Amino acid sequence: MAPVKTFLYPTDIFFGLNVARILSIVSLLLVFASSIFVMVNDIEAVNSYESASQSNNATNVDLVSCDYIENSTVPNQLGGVFWAIVNRLLIIFQVVILIMSEVGWPMPLFDRFFPVLGSNFGLGALGIFQGFMGAAVLSQHVDDFTFVAAFFLFVVGCLNMLLGLIFRESAKERRSITSWRDGKRDVLPSHLPPVANLNRSGTCTSAESYTSTTVCDEKRDMSEFGVARGRAGYGFGRQGEKAAGMKGFLISKPLETLPRYAARPTSAPSASSRSSTPQPHFNSSDTAI
């Protein structure tokens with residue numbers, strides 16, 4: 001399905017998507033800081049819990065029997081401290097990965113090993129990950145700073161999911177600062193056949209246009225042509241003609257014809273025709289001087 005058509009200018013779309021990117025990075029940084037803060041707070045609460053469990057005070061005994069350790073997100077069960085720390089470390093790791101995806105470094109790594117965050121996918125997957133992390137943090141009793149950071153991340157995740165539905169896979173290309181380099185194309189159109197036919201040897205590909213015909217070469221190597229494109233120019237010789245033919249700018253050789261107003265060549269009279277021509281005879285007059 002094609003992306004939804006909008007009535008905004010490309011510049012407005014560019015700035016709007018980059019504003020959403022900045023908000024996404026800010027929300028991820030806030031969750032990163034709040035996760036470290038909660039992890040430190042949980043470790044301190046666990047240390048207080050251990051010291052209270054060793055005492056014989058009745059109040060401390062009541063605290064030990066609670067479902068959660070006081071002033072923390074650690075459940076009072078077997079391995080609760082371990083899984084609470086692992087949860088925070090996984091959230092921090094996901095935040096780092098999403099920030100790298102938003103910055104665009106290293107994008108070839110994402111395109112190969114994690115394509116949903118690469119350049120060929122939109123913002124929908126990013127918004128889903130952000131929504132999951134925000135909901136995971138909001139499902140626990142946390143302090144005000146962590147609550148605001150997680151809620152902000154969840155809202156930005158919903159915004160990214162909406163932008164992903166609108167712009168689909170073209171969202172990252174539209175917001176890319178270096179997209180003008182990737183979108184650079186030749187000014188003149190080309191009429192090349194498919195690339196798969198250019199690498200075949202022994203056959204000649206042909207294509208007809210209204211002013212030109214295809215120039216056939218014995219072998220056309222696209223790798224050599226790709227290296228040659230970095231040169232300054234080819235001139236008007238054989239190399240220039242070959243490069244133009246590879247791009248589709250084909251030149252046809254004009255036919256050797258005479259103009260309509262030119263007279264046709266006539267053959268010289270032969271000797272036999274001259275001998276048969278009668279010679280004029282003149283009679284002299286008697287009164288001539």
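Computation of the quantities below employed the complete heavy-atom set of this structure, encompassing side-chain atoms and omitting hydrogens, waters and symmetry-equivalent molecules. Bear in mind the structure is a predicted one, so any value in this text is a computation, not a measurement.
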Considering all heavy atoms, the nearest [X]-[Y] contact:
X    : Y    : result
A45  : N71  : CB-O, 3.7 Å
R174 : F14  : O-CD1, 3.4 Å
F154 : A135 : CD1-N, 4.2 Å

Value rounded to 0.5 Å, distance of CG in N18 from CG in L23
11.0 Å
Just how far is it from atom CG of L28 to atom CE of M133, taken to the nearest 0.5 Å?
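If I round to the nearest 0.5 Å, the distance is 5.5 Å.
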Please work out which of the three classes, parallel, tilted or perpendicular, describes the rings of F114 and F129, given edges at 30° and 60°.
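Correct class here is tilted.
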Can you tell me if [atom1] on [X] sees more than 12 non-hydrogen neighbours from other groups inside 6.0 Å?
X    : atom1 : answer
N47  : CG    : yes
F37  : CZ    : no
F151 : CZ    : no

Would you check if there is a donor-acceptor pair between the side chains of Q130 and S24 at a distance under 3.5 Å?
yes
Would you say the side-chain atoms of N41 and S72 include a donor-acceptor pair closer than 3.5 Å?
no
I'd like to know if the side chain of S176 reaches the main chain of E173, judged simply by a donor and an acceptor atom lying under 3.5 Å from each other, with no hydrogens or angles considered.
no
Would you call K172 and E102 a salt bridge, using N to O less than 4.0 angstrom?
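No, this pair does not count.
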